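Everything on this sheet refers to the single structure shown next.
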Amino acid sequence: MRAVSEVIALGYVGLSAPDVGEFAEFATSVLGMQVDPRSTPERLRLRVDERTWRLSVELGPGGLAYTGWEVANAIELDRLAGRLDALGIATKPDADLAKERLVNGLLLCNDPDGNQLEFFYGPQVDRAPFHSPRNRRFVTGHETPGDMGLGHVGIMFTDQAAAQHFYMDVLGFRLSDTILGTPFVHINRRHHSLVIGGTRPGGAPGLHHLMVEVEELDMVGYALDTIRERTGDTITLTLGKHTNDRMTSFYVTTPGGFDIEYGFGGVHIDDSTWTTASYDAISFWGHKGQKAPEKEDR
Ligand SMILES: [Fe+2]
């Protein structure tokens, strides 16, 4: 019997970037995220909804620092800790880190590739309403605010089978479908919160992309226009529509060196009726690879 997951959402993501200020400019101008005023030159915190922060970008080499996986409450966190402990998987409660993350409780754990996971409950909801500098509205909720989480992460693992076992059999993430054998897994109505990718020869493990979803297709279009008006951004995959989650999106390389997928219209999963499928392509149309934009015509 497969475990039922205590984890209910991708609550937050920690990233690193060599120039935090440059990332802040990108995140506000292109993505329309809001900078939390308590951010520092070493640690940028970004809002996309009522929570005080969803994305943290810290000074570093560029890439994934940690993922924050939300559980409902202290009882669920204890239950998860007990289950992992019984399986011999090391976890560590960290009250100081919980304070820093502005959550009520936090449990540290590593996945088989050594990625830092933070299981947490009780995130801080800000008393100031979310205000996007680009009038964007992000999709993080379905029935209650935040219940679909920040978005999804695509991570490349050196041992894809071990990662699949850990996230699905141990944590209880549920299979949505596969594309060319790669599992896309969900923990709430969002089609997937995680893509369990496998590194190819010569490919690096780590964050492939972070997806955030906006409420209107126009918001995706406005972001594309902003990128055209700027210089230095690289569209990694052009506008296109994914086969499995039906997301219309594009991928852009951030100043942190990893990609953000910026999308609209992802399907929702109802576990009582959902059946898995397999696909032999990532997209119906678009999502074409593109070289660095030609600077001379901008
Ligand atoms: Fe994606």
Side-chain angles (χ1 to χ4, degrees), residues 9-13 15 27 30-33 48 54-55 63-64 67-69 115 136 138-140 142 148-157 160 163-164 167-168 173-200 203-215 217 219-221 223-224 227 233-254 256-269 274 276-290:
L10 176 63
Y12 58 77
V13 171
L15 305 163
V30 176
L31 307 176
M33 294 176 175
V48 302
R54 287 284 199 173
L55 262 185
L64 186 63
T67 45
W69 297 97
N115 296 306
R136 307 287 160 73
F138 293 86
V139 179
T140 58
H142 176 70
M148 294 212 305
L150 167 63
H152 68 235
V153 280
I155 299 179
M156 307 304 274
F157 294 93
Q160 191 179 20
Q164 192 170 340
Y167 283 98
M168 297 179 68
F173 287 27
R174 303 179 289 280
L175 185 69
S176 308
D177 40 47
T178 58
I179 301 180
L180 298 165
T182 292
F184 290 67
V185 292
H186 67 277
I187 41 178
N188 54 48
R189 280 192 171 262
R190 189 181 293 288
H191 175 276
H192 58 280
S193 292
L194 174 69
V195 187
I196 306 173
T199 49
R200 306 281 174 265
L207 183 66
H208 179 267
H209 71 278
L210 163 71
M211 189 286 302
V212 292
E213 183 177 2
V214 285
E215 280 186 17
L217 182 59
M219 295 174 178
V220 176
L224 277 171
I227 290 169
D233 301 317
T234 302
I235 302 276
T236 329
L237 292 177
T238 60
L239 189 69
K241 186 169 184 175
H242 279 306
T243 48
N244 61 346
D245 67 355
R246 314 289 156 115
M247 187 80 73
T248 300
S249 62
F250 68 88
Y251 291 61
V252 60
T253 299
T254 70
F258 47 83
D259 281 6
I260 294 263
E261 177 185 7
Y262 202 72
F264 158 78
V267 295
H268 295 159
I269 282 183
W274 186 259
T276 61
S278 59
Y279 296 88
D280 65 357
I282 65 161
S283 307
F284 291 121
W285 53 266
H287 287 145
K288 304 299 182 199
Q290 193 166 276

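Indexing begins at 1, ligand by ligand and atom by atom, following the structure's order. Just so it is clear, the model here is predicted, and its values are computed rather than measured.
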Taking both backbone and side chain into account, is any N, O or S atom of His209 nearer than 2.8 Å to the Fe ion (ligand 1)?
yes

Below 2.8 Å, any N, O or S contact between His242 and the Fe ion (ligand 1)?
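False for His242.
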
Below 6.0 angstrom between ring centroids: does that apply to Phe173 and His192?
no

Ring-plane angle category for Tyr262 and Phe138, please: parallel below 30°, perpendicular beyond 60°, tilted otherwise.
perpendicular

Can a side-chain donor-acceptor contact be found between Asp259 and Thr253 if the only test is distance below 3.5 angstrom?
yes

Quick check: does any side chain N or O of Gln160 sit under 3.5 Å from a backbone N or O of Ile196, one acting as donor and the other as acceptor?
yes

Of all N/O/S atoms in Glu261, the name of the one nearest the Fe ion (ligand 1):
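Going through the N, O and S atoms of Glu261 one by one, OE1 ends up nearest to the Fe ion (ligand 1).
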
